[in-house]
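The chains referred to below are lettered A, B, ... by the order of the sequence lines, with proteins before strands, and numbering in each begins at 1.
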There are 2 protein chains.
Amino acid sequence: MTRGDIFDPACPTRLLLDRVGGKWVAMAVKVLAEAHPGELGFAELERRMPGVSHKMLAQTLRTLAGDGLVMRRVEPVIPPRVHYRLTPLGLSLDAPLAVLREWAETHMAEVAAHRRIASPAE
Amino acid sequence: MTRGDIFDPACPTRLLLDRVGGKWVAMAVKVLAEAHPGELGFAELERRMPGVSHKMLAQTLRTLAGDGLVMRRVEPVIPPRVHYRLTPLGLSLDAPLAVLREWAETHMAEVAAHRRIASPAE
DNA sequence: CGGAATCCCTGCCGATACTG
DNA sequence: CAGTATCGGCAGGGATTCCG
């Protein structure tokens, strides 16, 4: 099966990129992976992800939890405290993302240089 | 530098995902990588990327060319024929994407299963 | 035939405000 | 403190049309 992947409407890579392409997903996975196997509270995550809005963090975590990539643990206290950690599945996703990070850090300057040549005036 | 990556506004990974996350970028890179070092005409690309619209293919290729990931060769004939091929830079991007594809093909079923459990009713 | 420009719609994401 | 609901701005991307 060489053409059964990206070309299907339900192509796995397409589906993955739709999720990982989200603005905060990659960052959340990285932060949680760095903390692994420890947990991080909501506020702690917010602190470690500068610029994320309250809403988007909650939404991102909810999606990731729904996908089985992160585990949610609720402490039934007042005020409520919720902790997040990567599942094994979520942790396994960090490797491919790390490869992507590595490529980006190595080559994005080159890409930026090309862009500058291609569109000098703007 | 451990925190200098995703957290910067100009974080390379963020920038990369903004591009690769585009609906047709990953597919185009894969198709061109499979054809490498051969070239593909516009029509040929359109054929190999089912579902892509005329406009989005042109736009995707223009962006990739502007980023220095693909090379454009125009045959000055009537009607005009344009051929595309990956640059070495673009070819190097295929490796990280291949890793992502591999992860997706291995684990996306698992992700889908979790989603089904998380939201059985819709 | 390749591609650029236009129109429109949809979904993401941010800000704000409210519940427990 | 954690989470949700609502609103609005904005960009991605699809269909169509016109130019070379």
Between A:Gln59 and B:Val82, whichever has its closest DNA chain C nucleotide further toward 5' is B:Val82
A:Tyr84 OH to D:dC1 P, in whole Å, measures 15 Å
Per nearest nucleotide of DNA chain D, the residue lying toward the 5' end, B:Ser53 or A:Ala58, is A:Ala58
In whole angstroms, the gap separating P of D:dG9 from CE of A:Met56 amounts to 18 Å
The reported gap from OH in A:Tyr84 to CG in A:Leu45 (rounded to nearest 0.5 angstrom) is 8.0 Å
Exercise for the section: Report yes if a side-chain nitrogen or oxygen of B:Arg81 is closer than 4.0 Å to either non-bridging phosphate oxygen (OP1 or OP2) of D:dG20; otherwise report no. Expected result: no
Salt bridge or not between B:Lys30 and B:Glu34? Use side-chain N to carboxylate O under 4.0 Å. yes
Atom CE of residue position A:Met71 - does it have more than 12 heavy atoms of other residues, nucleotides or ligands inside 6.0 Å?
no
note: A:Leu17, atom CG; D:dG13, atom C1'; distance rounded to Å ~ 16 Å
Discussion item. Considering every strand and a 4.0 Å limit on heavy-atom distances, what is the contact class for B:Gly22: base, sugar-phosphate, or nothing?
Written reply: sugar-phosphate
Base C:dG3 to side chain B:His54, donor-acceptor N/O within 3.5 Å cut-off: yes
Does the base of C:dG14 carry an N or O that pairs as donor and acceptor with the side chain of A:Lys55 under 3.5 Å?
yes
